[in-house]
Amino acid sequence: MSNCAEVVIIGGGIIGCATAYYLAKRGVDVIVLEGSDHIGNGGSSRNGGGVRQSGRDPRELPLVMYGIKNFWPTLSEELEADCEYHQDGNLRLGKSEKHRQILEGLTERAQKAGLDVTMIDGDEVRRINPYLSGEVTCASWCPTDGHANPLTTTLGYYKTARKLGVRFITGENVTELRKRKGRLVEVITENNRYGAGSVVLAAGLGSRELAATVGIDIPMQPAMLEALVTEAQPPMFDQMLGTAEADFYGHQTKHGSFVFGGSSGLEGFTRDNGTPICYSKTAPCICRGIMKYFPHLADAKIVRTWAGWMDKCADGVPVLGTVEEVPGLILAAGFTGHGFGIAPAVGDQLAELIVTGNTTVDISALHYDRFRAKI
Amino acid sequence: MKRYDLIVVGAGPSGLSAAIEAAKRGLRTVVFDENEKPGGQLFKQIHKFFGSREHRAKIRGYVIGQQLLEEADSLGVEVRLNATVIGLYQDKEVVVKLADEVVHCKGDAIIIATGAAENMVTFEGWTLPGVIGAGAAQTMMNLHGIKPGQRVLMLGSGNVGLVVSFQLLQCGCEVVALVDAAPKIGGYGVHAAKIARTGVPFYLSHTIVRAEGDDCVTGVTIAKVDEHFQFIPGTEKKFEVDTICLAVGLSPMSQLLKMAGCKMEDNPRRGGQVPICDAYGRTSLAGVFVAGDVSGIEEASSAMIEGRMAGIAACEYLGFMEKEELAAQLASQERALDGLRQGMFAPQNRGRAVAETEEGIAVSASLLRHGYISDDEIERFPGITHRAGVHPVMECTQNIPCNPCQDACPKGCISIGANITSLPVVVESAECMNCGMCVASCSGQAIFLVEEDCGDDTATVTLPYEFLPLPAAGTKGDALGRSGQRVCEAEVVGVRSAKAFDKTNLLTIKVPKEYAMKARFFRSMHN
Amino acid sequence: MESRIVEHPILGEIENGRTVTFTCDGRELTGYEGEPIAAALKAAGLMVHRYTQKEHKPRGVFCAIGRCTDCVMVVDGKANVRTCVTPLKEGMVVQTQYGVGVEPFDRREEGENA
Amino acid sequence: MSNVIDRSREIGPYIPAPDDDRIICRCEEVTQGEIRRAVHEGMWTMTEIRRYLRTGMGLCQGQTCGKLVKGIVARELGVPMAALEPATSRVPMRPIEMRVFANEAKEGGEHE
């Protein structure tokens with residue numbers, strides 16, 4: 001089989017799989033190279049499943065709004081996989097005056113960008129979600145936010161793209177991008193070479209090192225995030241939850257279990273053994289965080305905890321789009337822990353960019369050369 | 001954070017043995033076990049163990065458990081029960097659930113001795129209540145005093161299936177059949193023989209088609225399988241049972257090691273996912289050792305030795321012992337382990353068909369196929385001799401590492417010799433005094449004392465008996481042959497129970513003399 | 001038929017804790033304090049511990065050592081309690097578990113999450 | 001160390017089997033047929049199967065079904081079982097109540 005394709009995508013996560021799918025749908029011939037043994041093995045299957053607009057930076061907001069309007073509601077049917085998408089709103093909770101200030105700032109910025117998001121008080125919060133403790137005094141409320149299942153969504157994109165003829169190769173670790181006559185045309189792996197008309201670099205954290213092989217730097221660094229899941233509980237609520245200080249975030253899944261992620265304050269400094277590995281103090285900390293908001297869940301049993309690296313970009317939003325210095329290269333990295341909800345829109349817009357040279361949504365604010373020193 | 005020299009996870013035979021060796025040499029040692037009672041599987045093992053004296057042979061498993069615990073206690077090992085290790089993190093940190101809190105502690109060395117989990121097979125209806133693991137059956141009957149069922153079908157003829165079937169019989173359950181898809185019995189022949197002679201039928205090359213029942217098991221259908229393990233239509237047999245017991249092998253419980261980033265391999269010879277480790281249990285993570293079933297499925301006897309070796313290796317790792325000393329201390333353990341890994345059932349023979357004994361005698365085909373040695377096969381084995389007066393008849397026909405019988409006879413009638421796996425032979429020059437020690441000492445219950453001709457056309461057979469009720473002298477009934485079929489009338493003429501017999505009663509039955517070499521079990525008329 | 005072993009040829013007379021009373025689905029039962037709930041239920045002849053969430057199929061004791069979690073029931077109002085490793089106490093309220101709750105599936109209203 | 005695997009390799013069509021409705025993962029009630037179909041849809045590793053179908057993600061965390069699922073996937077792919085990676089192991093080894101997990105003992109946690 002030929003190792004050449006119109007587009008080679010590096011990274012079999014949700015960004016790579018979604019881009020492959022939307023390209024294949026447009027009739028483009030695609031190869032996806034995944035370095036690990038599994039599709040969707042990075043943040044794609046380790047995140048909390050938020051499909052959120054609220055709380056996002058205005059630069060990426062149009063893109064995620066586009067995705068929520070055009071892709072998420074029909075994604076399960078389109079991918080023939082239960083993505084478990086729920087559009088039942090997002091509550092970002094606050095317990096103090098400081099929290100209120102944070103939330104008001106976020107809300108104001110999002111409203112300016114045209115998002116339907118409001119500040120509500122504690123009673124209103126408990127009307128929406130009666131399980132929340134009395135400690136919650138305010139929240140931002142975005143009714144068009146929601147959540148989905150990142151595992152089935154990622155694998156759904158993979159499955160459908162594969163069915164459309166996309167060639168996925170796992171265990172194929174890319175070591176170098178190579179330009180010929182001024183254009184990026186070749187992808188070198190430990191074992192093979194792949195020729196490409198265009199290369200989409202969507203390899204999460206690993207993107208930095210690979211981009212460097214053609215002289216491009218994406219300023220990002222790893223942070224170890226952790227999440228956990230409970231045993232199944234009777235159905236309680238459908239909203240996505242977050243907090244002003246990101247103590248935890250999460251939702252109840254269709255299965256009945258609660259998936260929660262959270263912060264220990266030490267992510268970014270934890271040591272790993274080459275794989276994302278849980279830190280012994282984090283899960284207890286997340287549990288304490290959750291119980292302050294949901295005393296009701298104190299007896300729910302945790303069945304699994306896990307960790308994942310986040311590709312934390314210097315300014316908190318992804319680097320997306322073409323790179324003038326390296327014709328043929330399209331970047332899609334640095335999603336900073338919120339790449340899941342935005343993935344359908346990213347995949348579609350990158351596909352459109354590759355096929356037509358343009359995007360429906362303006363993504364120029366996410367261009368790679370935006371980084372500046374502060375003075 | 002609390003720091004120990006050594007943290008052992010699992011208070012089974014290997015974990016306790018490791019802790020004992022470490023504590024002996026001055027290591028501050030803690031053992032965590034999730035169970036309410038220590039000892040791991042030992043407390044469910046009510047049979048006498050095989051091996052030699054140094055392997056604690058002929059001692060019942062649960063007694064070995066008590067001995068290990070007492071020794072650990074006396075050495076100051078801290079054994080924490082109801083202590084579930086929920087994770088093994090970096091830097092040899094263990095997080096333990098104790099009562100209503102989690103405790104973080106670190107060990108300079110860690111020994112993982114978490115044992116094994118049962119494998120399962122699927123068939124129609126396998127999720128019905130009443131389908132249970134063999135371990136579940138053992139737990140219920142030997143720990144909690146509850147019969148797992150009234151009528152039980154056992155799937156699996158490995159040692160677990162055989163041992164548990166016998167235990168089911170001992171607690172008063174009926175075992176309707178012992179079934180295995182393999183064409184021959186997987187476990188020790190002596191374990192099979194003691195079940196077969198009670199009348200339990202063996203169905204080799206058979207497996208379960210379906211469990212019957214709506215809310216719980218009310219029956220089971222089995223059928224014969226061909227060499228590709230496919231059902232042969234028309235061979236179905238149905239049994240009314242309330243319990244189906246699955247004993248289809250064990251897998252190492254190595255999740256903690258994997259979670260901690262230990263290098264693992266999938267090794268079918270060791271039973272599945274195991275850490276890559278050396279002979280002393282050293283894994284790819286410095287200071288993390290393994291012992292027992294978690295590093296490869298074997299018997300409790302070898303688990304104890306592996307535990308000792310890992311414990312000793314941890315001592316050296318932590319500087320409690322010099323390197324030169326290590327080799328010397330490990331050498332004797334290695335020899336002991338080597339001794340256990342000999343014979344027909346040695347790891348290197350797994351999956352191989354052994355046709356002849358070390359002595360060059362053809363293995364009993366009937367034993368492998370039906371669970372008992374046929375009458376025409378028995379005479380070729382060296383434990384069977386004929387002479388006037390009472391003499392031992394040792395129906396021990398496979399080379400397994402076990403020799404308590406030769407020590408048991410005060411008169412020296414029995415010899416195994418230097419090679420522990422050799423078949424026992426009768427020493428012609430020695431005179432049997434009918435003390436019964438050999439009968440009670442045989443972990444396989446394969447030794448009988450026979451007087452072939454009492455002078456009145458009768459013979460007596462003294463057999464091991466571990467059932468209730470114990471028939472009294474004068475009880476009349478049937479003598480059963482090795483196959484469990486009735487061979488003749490019999491009367492109990494003697495019942496011996498002695499502390500030295502360790503709960504194995506000796507029943508002497510009188511039978512017509514032509515049945516001296518056929519009668520091997522007694523069933524009273526009331527049963 | 002009696003499931004309790006009174007005397008065992010090797011283990012001798014079985015030692016038991018004190019007799020306690022508990023209920024299972026409202027039925028008053030007795031057992032021995034400290035024995036696993038599952039043991040007391042087995043002695044009372046109860047086989048079905050729960051009905052599964054998706055297929056509503058019966059399940060009972062399978063591994064008996066707390067690993068497989070098939071024997072879970074609702075105990076004192078808490079779901080998913082492993083009855084094979086949870087010690088019995090006086091006055092415990094044990095209920096058959098349906099999915100993750102105590103309401104039998106056939107008594108649930110149409111359209112409810114079953 | 002990774003194996004390069006082209007997910008376009010032909011593994012033949014999914015052919016329904018009479019025992020496809022048999023439950024394999026007891027906790028999550030996943031059937032043999034679902035597992036077999038998932039392989040044909042491209043889920044070629046234990047991890048992908050688990051994420052796609054929830055096998056081994058229930059209360060027991062795959063302690064019962066791990067080997068069974070592996071056997072089915074290996075057979076469907078026509079590879080030896082040892083060629084597939086084992087199921088993932090994650091903390092906690094046994095389900096643990098949130099309030100207990102949250103309750104970290106002070107300094108070593110002395111209990112009696």
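Residue numbers start from 1 in every chain, and the chains themselves are labelled A, B, ... in the order their sequence lines are given, proteins ahead of strands.
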Tabulate, in ascending numerical order, the residues of residues 64-78 of chain C having at least one heavy atom closer than 4.5 Å to a heavy atom of chain B, or enter 'none'.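 The stretch touches chain B at C:A64, C:I65, C:R67.
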
May I ask you to list the residues in residues 5-16 of chain C that approach chain B closer than 4.5 angstrom, counting heavy atoms only, ordered by number?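 Answer by number: C:I5, C:E7, C:H8, C:P9, C:I10, C:L11, C:I14.
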
Distance (rounded to the nearest 0.5 Å) between [X] [atom1] and [Y] [atom2]:
X      : Y      : atom1 : atom2 : answer
C:K57  : B:D215 : NZ    : CG    : 11.0 Å
B:E118 : C:F62  : CD    : CZ    : 8.0 Å
C:E35  : B:L143 : CD    : CG    : 12.0 Å

Please classify the contact of [X] with chain C as side chain, backbone, both or neither, using a heavy-atom distance under 4.5 Å.
X      : result
B:D214 : backbone
B:E34  : side chain
B:M120 : side chain
B:C216 : side chain
B:A134 : neither

Please rank [options] by heavy-atom pairs under 4.5 Å with chain C and give me the top one.
options                        : answer
B:A117, B:G145, B:C171         : B:G145
B:M141, B:E36, B:R60, B:Q138   : B:R60
B:I146, B:T139, B:D242, B:I132 : B:I146
B:G135, B:G172, B:C173, B:P148 : B:P148

Quick one: salt bridge (charged side-chain N to carboxylate O under 4.0 Å, His left out) pairs with a partner in residues 38-50 of chain B, sequence neighbours left out?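 Applying salt bridge (charged side-chain N to carboxylate O under 4.0 Å, His left out) to every pair that reaches into residues 38-50 of chain B, excluding sequence neighbours, yields nothing.
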
Top contributor to chain B contacts, counting heavy-atom pairs under 4.5 Å, from C:A38, C:P58, C:P36, C:A39: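 Answer, by heavy-atom pair count under 4.5 Å with chain B: C:P58.
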
Could you tell me which of C:G34, C:P87, C:C63, C:C84 has the largest number of non-hydrogen atom pairs under 4.5 Å with chain B?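 Answer, by heavy-atom pair count under 4.5 Å with chain B: C:C63.
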
Quick check: closest heavy atoms across C:E2 and B:K147, and the distance to 0.1 Å?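 The pair with the smallest heavy-atom distance is O-NZ, 3.8 Å.
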
Chain B contact via C:Y51 - side chain, backbone, both or neither, heavy atoms under 4.5 Å: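 It is the side chain, since no backbone atom gets that close.
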
Could you give the side-chain donor-acceptor pairs of residues 121-130 of chain B under 3.5 Å, partners two or more places apart or in another chain?
residue, atom, partner, partner atom, Å
B:T122, OG1, D:R22, NH1, 3.3
B:W126, NE1, D:I23, O, 2.8

With the side chain counted from C-beta on, respond yes when B:M140 and C:S3 share a heavy-atom pair under 4.5 Å apart, and no when they do not.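 Counting from C-beta outward, B:M140 and C:S3 never come under 4.5 Å.
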
